[in-house]
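We count ligands from 1, going down the list as the structure has it; atoms in each ligand are counted the same way. All of these numbers come straight from a predicted model, not from anything done at the bench.
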Amino acid sequence: MPIRILPPEVAGKIAAGEVVDRPASVVKELIENSLDAGATDIHVEIREGGRRLIRVADNGGGIPAEEVPLAFARHATSKLTDVQDLNQIATLGFRGEALASIAAVSQVTFLTRPRAQAVGQFLRVEDGQIARQEGRGCPAGTVVTVEHLFRNMPARLKFLRQPQTETGHIHTVITHYALAYPATQFQLTTDGRQAFQSTGNGNLYDVLIAVHGLEVAEQMLEVQGANDLDESPREWPPSPVPGHPSPSSTLALFGFTSVPTLHRANRNYIAFFVNGRWIQDRSLAHAVAEAYHTLLPAGRHPVALIFLEMDPSEVDVNVHPTKREVKFRNGRQVFGTVQRAVRRTLVEGAPVPALLHASRTWPAPEWEHHQSLLSLGRGEPLSTQMAMELYRPGDLGQEPQPVGPVRLPLLRVVGQVGQTYIVAEGPQGMYLIDQHAAHERILYEQIMAAHGQQAISSQTLLEPVPLSLDPTLAGVLAENLPMFNQAGFDLEPFGGTTYLLRAVPSILVVPDVGAALVDILEMLRQGDDPLALQAEQLVIAAVCKRAAIKAGQTLSAEEMQQVIRQLEQCESPRTCPHGRPTVLHFSVEQLEKEFGRR
Ligand code: ADP
Ligand code: MG
């Protein structure tokens, strides 16, 4: 084919794909417009997860009649004039492509009236073309209605998830903007029901309660900080108003972060806002994680809301069409400020005993016991450092290899190290077994074997446990409900995002079954699935992971024996159900070579 310039409607759809990838991104763009228009009241209404309808109504400045058609043109904006302005963006929007993009992939109606004009304008856009425009009476502000999203883009439509899942994403967008703009009242109505509301009274803590609930809010510590040069505390609470940047180029930080006893299975509860914009930033999430170093159990993450304010010229928001990522001029300074502020809050506000097994060295008391045994009958006791060096598998020159799906030989248990690994010997050398991963594998194979013949054994709870889930997790559950019931749960929808838990798989009889179920839903949401398991296997694997012996648990000799015997019975003993190794093997040759015997 010869090279041709694409017809505008094709080019428009291609560009739209970058901005609008799911209903939540439409909601995001529309509420950003409302906020830029100075709205103090934003009402979002959705039907069928936004696929059928998204309506955003605001009481902001509105658009003058003569400018209304322009708003839908690509690269049409009232927020930028020249290229200099790109260095000083103080509004949420600036690219002038959201409305054009949304209109390219849906049917849009627009009703808007500036306070100063007596009559409003009604505009209907179909397939990116203005189909109708007329004067109409309406309240001051703007109402945008988006219907039949992606109807003209079957490929995108196919990628939309269940309505509950899309609703969950929309809920997440709205709660984050509510947190960023406590002085604006947000409401979300889903399929006619009110799903969220913030007061708009300007108090961030009230929004925190509305979003995360009182119980979580009470376990949050206030964080404040500034850049290195100026650590002086700031006025509290400063309000992140776009268009009113702080006069100097100081970086100011405020927010909330959880006490170390409150933690979650993933990082989704760590949120960052830069000058009132909700952003995603892996490096900053890492800064927060580092601040909690040794304070949280391995694999757990805090809840944190971090607001950063800086001069707009310090941050480039024009790095991604969705404006969800930013680049800091001085990223290191921002990283350090976040990390120090959170760490200081934790140290001052929540002095906790040094925790569990978060760092990679063996727990000290246990180790000292072993050390004294090791040094019995020898002159000098081994220094802890030296002794650990000896045990580090990396020191064996060759990395120990996890091996293929071969059955294990008969093994003799030697002992447990770090309350995490079982040391065993076999004919071909030494084996280190990860007790948690191994037990996961054992439970998984036992369940799958029994499952072939009959239903998975399940235990009815004495009293049903009501679980009110956040909408995203409720979406995950709704999508997988049949699988959960097959895996031995008895779960009954109880209206909205609440479920009644009546029975759990027998292996999951733990003190807090509700929390266990939430953990399992988190695992599924994270989609930690390198092996592309079927949905049902994924649910079962997640149950096994939650039910398995944990790292950090002291095992008796009998318990270790039992784990090893059962692992020897497994079809694929060398990996956990998610594909990670359960066993490391140090061969006799490897050991001989390392000790210079050969
Ligand atoms: P951008 O926000 O990047 O400027 P958009 O396509 O989102 O681009 O919007 C185009 C223009 O339409 C905006 O610059 C603004 O002037 C106007 N506009 C859009 N939504 C609203 C609203 N809710 N209230 C007032 N003006 C609006
Ligand atoms: Mg916009």
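- Not one N or O on the side chain of D58 forms a donor-acceptor pair closer than 3.5 Å with the backbone of A39.
- For the Mg ion (ligand 2), the count of nearby protein N, O or S atoms, meaning those under 2.8 Å away, is 1.
- Set against the non-hydrogen atoms of G93, the atoms of ligand 1 under 4.0 Å away are 2 (O), 3 (O).
- Polar contact with ligand 1: present for L99 (N/O pair, distance under 3.5 Å).
- In terms of protein heavy-atom proximity, atom 21 (C) of ligand 1 is closest to N33 CB, 3.9 Å.
- A distance-only check finds no donor-acceptor pair linking the side chain of R132 to the backbone of F122 [under 3.5 Å].
- A289 is linked by a side-chain contact (heavy atoms from CB on, under 4.5 Å) to R267, counting only residues two or more places apart in sequence or in another chain.
- Of all atoms in ligand 1, listed by their number and element, those nearer than 4.0 Å to a heavy atom of A37 are 24 (N), 25 (C).
- Of all the heavy atoms of L30, none lies under 4.0 Å from any atom of ligand 1, so neither backbone nor side chain is involved.
- Remark: the backbone N or O of M153 is not paired with any side-chain donor or acceptor of K13 at under 3.5 angstrom.
- At least one heavy atom of R95 sits closer than 4.0 Å to an atom of ligand 1.
- Taking a 4.0 Å cut-off on heavy atoms, G96 registers as neighbouring ligand 1.
- Panel note: side chain N203, backbone A183; no donor-acceptor pair is recorded below 3.5 Å.
- In this structure, E166 pairs ionically with R22, as a charged nitrogen and a carboxylate oxygen lie closer than 4.0 Å.
- Taking the charged nitrogens against the carboxylate oxygens, E134 and R124 have no contact shorter than 4.0 Å, which rules out a salt bridge.
- For the pair A98 and ligand 1, the shortest N or O to N or O distance falls below 3.5 Å.
- Between D36 and ligand 1, no pair of N/O atoms sits closer than 3.5 Å.
- Counting heavy atoms under 4.0 Å from ligand 1, residue T142 touches it through the side chain alone.
- Judged by distance alone, the side chain of T257 and the main-chain N or O of A304 form no donor-acceptor pair under 3.5 Å.
- Of all the atoms in ligand 1, the ones that sit under 4.0 Å from a non-hydrogen atom of G62 are 25 (C).
- Atoms of ligand 1 found under 4.0 Å from any heavy atom of A71, numbered from 1 in the order shown, are 10 (C), 12 (O).
- Protein heavy atom at the shortest distance from atom 2 (O) of ligand 1 is K79 NZ, 2.7 Å.
- Near A76, with a cut-off below 4.0 Å to any heavy atom, the atoms of ligand 1 are 10 (C).
- Taking 4.0 Å as the cut-off between side-chain N and carboxylate O, E325 and K327 do not count as a salt-bridged pair.
- Checking side-chain atoms of Y205 against main-chain N and O of A217 turns up a donor-acceptor pair under 3.5 Å.
- In summary, R329 and D316 do not engage in a salt bridge, as defined by a charged side-chain N under 4.0 Å from a carboxylate O.
- Remark: of the listed residues N266, N268, T472, N266 is the sole one forming a side chain to side chain donor-acceptor pair (under 3.5 Å) with E522.
- Relative to atom 14 (O) of ligand 1, the option among G38, S78, P64, A100 with the closest non-hydrogen atom is S78.
- Residue F94 places at least one N or O, backbone or side chain, under 3.5 Å from an N or O of ligand 1.
- For atom 18 (N) of ligand 1, the closest non-hydrogen atom on the protein side is I63 CD1, 3.5 Å.
- Between E32 and K28 a salt bridge is recorded (basic side-chain N to carboxylate O distance below 4.0 Å).
- Distance alone, capped at 3.5 Å, places no donor-acceptor pair between the R113 side chain and the G120 backbone.
- Of the protein's non-hydrogen atoms, T77 OG1, 2.5 Å is the one closest to atom 4 (O) of ligand 1.
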